Every structure is written in C-alpha cells, then in structure tokens.
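This report concerns only the one structure given below.
This structure is a prediction, so every number in the text was calculated from the model and none was measured. Just so it is clear: chains get the letters A, B, ... in the order the sequence lines come, proteins before strands, and each one is counted from 1.
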Number of protein chains: 2
Amino acid sequence: MCGISVGMEMKPYLTPKQEKVLNFIRKRIGERLPPTIREIGEELGFKSTGTVRDYLKVLIQKGLVKRMNNKSRAIELTERASFKIPIIGTITAGKPNLAYEEIQGYVDADDLFLGRLGFDDVFALRVKGDSMIDAGILEGDVAVIKKRPNADNNDIVAALLDNNEVTLKRLRSRSGKFHLEAANPNYAPIFEEFKVIGKLITVIRKY
Amino acid sequence: MCGISVGMEMKPYLTPKQEKVLNFIRKRIGERLPPTIREIGEELGFKSTGTVRDYLKVLIQKGLVKRMNNKSRAIELTERASFKIPIIGTITAGKPNLAYEEIQGYVDADDLFLGRLGFDDVFALRVKGDSMIDAGILEGDVAVIKKRPNADNNDIVAALLDNNEVTLKRLRSRSGKFHLEAANPNYAPIFEEFKVIGKLITVIRKY
DNA sequence: TGACAATACACACAAATGTGTGGTATATCT
DNA sequence: AGATATACCACACATTTGTGTGTATTGTCA
C-alpha cells in the first residue's frame, strides 16, 4: 500500500553524447578527482569550453549533476556512487542460489550503515563492556552514532555522564523524566545527570 | 602474545599542526572534493599560501600525501581511499571531542565489514529468528557471509540443511565430527547432514 | 655559536579554470 | 515557415589556484 514508488526514480532520457559526458564524470569522480571543464572537453573531443558547459547545463537540468559556481572541479553526482552488496536471501528462507541471476536486490553498502547522513554528523565508538549485551551489542562492536542533542524514549544513545564518561545506554522516560538503562540485569539504571551526545544508528561487528 | 604487529604500520611522526592539516584534507576528500591550497589555509588560519605549501611538502615527504603539479585540488592520500568513519573514542573512555582535529584515527568503512575480500565472494543474508541471540545476532540483522566450502571449529557459518533450508549456526566439532549449534538454549544442536556455504564475517544492524 | 627544523608571512607571477556572449548547422515537430 | 532541441565552435575576460622567492621568529641540538 505504501512504498510503491520507493526507489522508483524516473530516469531522464539522455542522448548518447550526454550519457558519455556523464559517464566520464562518473569515472573521474570514481578515480578521485572530478574533471575540469576543459578536461571533459579534451576527453570527449570538444574544442570549446562552451560546448562542455552546454552539456553540464542539461545534466544539471535533468537533475543528474550538481555544481558550485566559480569552484574548480566542483562537479558532484546526484546519484550515489558507492558499491553494493547483493542480497541473496534470508536466513532460513530456503536454499539461496549464489548465482548472480538469482540476486534479489542490492543493499547499498554505504547506505546500509550510514544512511544518507553527512560526514560531520557521524562518528564511531568501539564498544567496551557488556552493559548492552541483551540488546545484542557486544564488546568490540563498532557503534556508529549520529550526533544529536536529544533522542526519543527507547532510543539507544551515547550519553555523557557527570563523571566525564561516555556510555551507551537505552534512553527511558518515566513520568516525564529521562534516565538511562543498560540492557543487562547486572547494571542498575542511571538516574544522575547526563547529556545525550547522539543516537545509535548502526552496529557493526567483525568476525 | 600474538598479533603485536597486526595493523602496526610505522606511522611517521607528525606534529599536531601537521596532523590537523592532514585531517582536514582527509575530511574534504571524504566529503567529495579535495581542498585547494587556499582553502586549507583558510580553515587552519594561515594567511599565506606559502605556509600551506610548506605543510604539504612535509606531508609529501613523509609519504602521506601525493600531488600533481599545476592541477587544482590534485591532492591524494597515500592511504587507502574509500570513505572513512572517524573513530573518536571508545565507549566509556571519556568525553569525545567531536572536532575533526581530535580524530584519533579512521575505520575504513569498506574494510570494516568486507575486509579486503573480493566482491564475488561475499553476499548478505537478512537474519530471521532468534537462534543466535546469545551471540548478539538478532532478527533483522544483516549477516555478511564469505563463501567457503568449509570452516573451522567455533566459526559461525551459513549452512545448507537437508531440508533445503539455510541457517546461521556455530560450527562445532566433537570427536572429529562436525555439528551445528544455535546460540540459544531453546534450540537443539543439529547433527544431521549439512553443507557449509560460507562463514560469517560481519554483522550489521541498523536502528 | 651555528645549523637546522618547525612555524609563519608577504607578494608577484603564471597557469589553470570558470564565465559570458555570440555564432553556425542540422534535424524534428507543428 | 517558425519554434525548438541538439550539437558544436570562437574567444575575451574574470577568478581561482598553484608556484616561486624572500623574510622572520622560535626552539632544539651539537
């Protein structure tokens, strides 16, 4: 009922040349440095910078590319580059066929654990201790946190305590007042003063 | 006792200022576009482009950065590119300073959950059920699996059972024979025939 | 004391890069 | 025929960006 159009972006029609320009930009960005206007022209065989600018103009108009004025190489792709992992099936959901023909879809690897958050908002902490063990968060896990000064009831948050310690706990409100709760019966709830630093968005564990 | 040298690349000594310059470059590259010399100067508070060039010179000399001549923004990191999440601290390790100047290091995000494995070897399964709950693997988690026909004792593996079902379990050997064990006392060990599909290398959970 | 490295600035100049205006030609659609 | 989109080029100009040379201060080490 909902979500019919999720991920259903209408791809604008591109002429073959426009496609080539876009692909060159993609390639260069993938290789590190976005190209200058003249570099694009050189590659595509255009003798005039004006020509390239015409192409950029349409690509911008079609929403595929963004630019900043008066900045060298300031060409950005609207689409998300990053590499993807195939989702082949679900555990206990039957025999997965590992052939690429059977791939059900893709997880955008970046997206998977960072969402579309900006770089500045996100940082990682390595988990120490077992206070969140019942929430499936173990020692050594990497907790990816999105900076936020507040959070909602039941969110898992990174909080700064009075003793200048940072801890990962579940935020709970009881009769209007917030406190912190471990996910481990051996730890008592924390009712002292604390400050929410950010909200847990992802846990990553390597074996 | 073992692993002393794991990940112990000899890092050239950097002064705090040099570190800051490097971190700013990292940040900008992470955000898409490497900075110009003047942008670095502006950020770090240098009034002369010469100062910035001095810093770049040492960073190049110390092998941390590469440049191309006469090309705008042509600053490259020597370290593995892909995008990185800063590690700012460890949970319960004190108050993290969220400024990029204080960044302790980086997790290579790609590396973090894929290792250096090739794309072809890796696939993902979404976890269903609670059979591995005591190992901190919850319903809904994404299990990243590296294809392998075998595994070692105590590895968590994706295994294909006789009834054509795939399950995530811990591989155990008892007197030379392998069987599968859940991480949940409600589930009995599996002694029937099975085939190891791959080994769990990473778990990712989104909130 | 002298050498050296780190830290910084000023400023001129050259090269790279982006902007803007105007022009030509071809094909398609109405 | 006129409007419109695609597909180019020329070239002047402004701005950004990189380069190069000199100078100065501070602290350390021999």
Seminar exercise, completed: Test side chain to side chain contact (heavy atoms under 4.5 Å, CB included), reference A/Leu160, set A/Ile197, A/Thr167, A/Val196, output is A/Ile197
Problem set entry | Test log, rule side chain to side chain donor-acceptor pair (under 3.5 Å), inputs A/Arg148 and A/Asn150 | CA-CA 5 Å; A/Arg148 286 184 51 176; A/Asn150 50 57; 3.2 Å; yes
Exercise. Got a donor-acceptor pair under 3.5 Å from the side chain of B/Ser48 to the base of C/dA10?
Worked result: yes
For this session: Ignoring hydrogens and angles, answer whether the base of C/dG18 and the side-chain atoms of A/Arg53 contain a donor-acceptor pair closer than 3.5 Å.
Result: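 Such a pair does not exist between side chain and base.
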Distance, rounded to the nearest Å, where [X] contributes [atom1] and [N] contributes [atom2]:
{"X": "A/Ile37", "N": "C/dG20", "atom1": "CD1", "atom2": "P", "result": "11 Å"}
{"X": "A/Gln18", "N": "D/dA7", "atom1": "CD", "atom2": "P", "result": "6 Å"}
{"X": "A/Asp54", "N": "C/dG20", "atom1": "CG", "atom2": "P", "result": "13 Å"}
{"X": "A/Arg73", "N": "C/dA15", "atom1": "CZ", "atom2": "P", "result": "17 Å"}
{"X": "B/Glu42", "N": "D/dT16", "atom1": "CD", "atom2": "P", "result": "11 Å"}
{"X": "B/Asn70", "N": "D/dG20", "atom1": "CG", "atom2": "C1'", "result": "12 Å"}
{"X": "A/Ile40", "N": "C/dA16", "atom1": "CD1", "atom2": "C1'", "result": "15 Å"}
{"X": "A/Phe46", "N": "D/dA10", "atom1": "CZ", "atom2": "C1'", "result": "16 Å"}

For this session: Name the residue closer to the 5' end of DNA chain D, choosing between A/Val58 and A/Arg38 according to the nucleotide with the nearest heavy atom.
Result: A/Val58
Exercise. Can you find a side-chain donor-acceptor pair between A/Tyr207 and B/Asp155 that sits under 3.5 Å?
Worked result: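 No, B/Asp155 and A/Tyr207 have no side-chain donor paired with an acceptor closer than 3.5 Å.
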For this session: Return yes if a side-chain donor-acceptor contact under 3.5 Å exists between A/Asn154 and A/Arg172, otherwise no.
Result: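 A pair is found: one side chain offers a donor N or O, the other an acceptor, under 3.5 Å apart.
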Problem set entry | NZ/NE/NH1/NH2 to OD/OE distance under 4.0 Å, A/Lys169 and A/Glu181 | no
Exercise. Do B/Arg73 and B/Glu39 meet the salt-bridge criterion of a basic N to acidic O distance under 4.0 Å?
Worked result: yes
Exercise. Between B/Tyr55 and B/Phe46, does the ring centre distance come in under 6.0 Å?
Worked result: yes
Problem set entry | Between the first and last five pairs of the helix from C/dT1-D/dA30 to C/dT30-D/dA1, the angle of the axes, rounded to 10 degrees |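 Roughly 20° between the end axes, to the nearest 10°.
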For this session: Using the salt bridge (charged side-chain N to carboxylate O under 4.0 Å, His left out) rule, collect all pairs that involve residues 14-25 of chain A, keeping only residues at least two apart or in two chains.
Result: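 Qualifying pairs: none.
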So, is [X] near the phosphate of [N], with a side-chain N or O under 4.0 Å from OP1 or OP2?
{"X": "B/Thr49", "N": "D/dG18", "answer": "no"}
{"X": "B/Thr51", "N": "C/dC9", "answer": "yes"}
{"X": "A/Lys17", "N": "D/dC8", "answer": "yes"}
{"X": "B/Ser72", "N": "D/dT16", "answer": "no"}

Problem set entry | 5′-ward residue of the pair B/Tyr55/B/Lys71 relative to DNA chain C |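 That would be B/Tyr55.
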For this session: Measure from the side-chain heavy atoms of B/Asn69 and tell me the nearest of C/dG18, D/dG18, D/dT19.
Result: D/dT19
Exercise. For the side chain of B/Arg67, counting heavy atoms from C-beta on, which of C/dG18, D/dG18, C/dC9 is nearest?
Worked result: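 Of all the options, the side chain of B/Arg67 is nearest to D/dG18.
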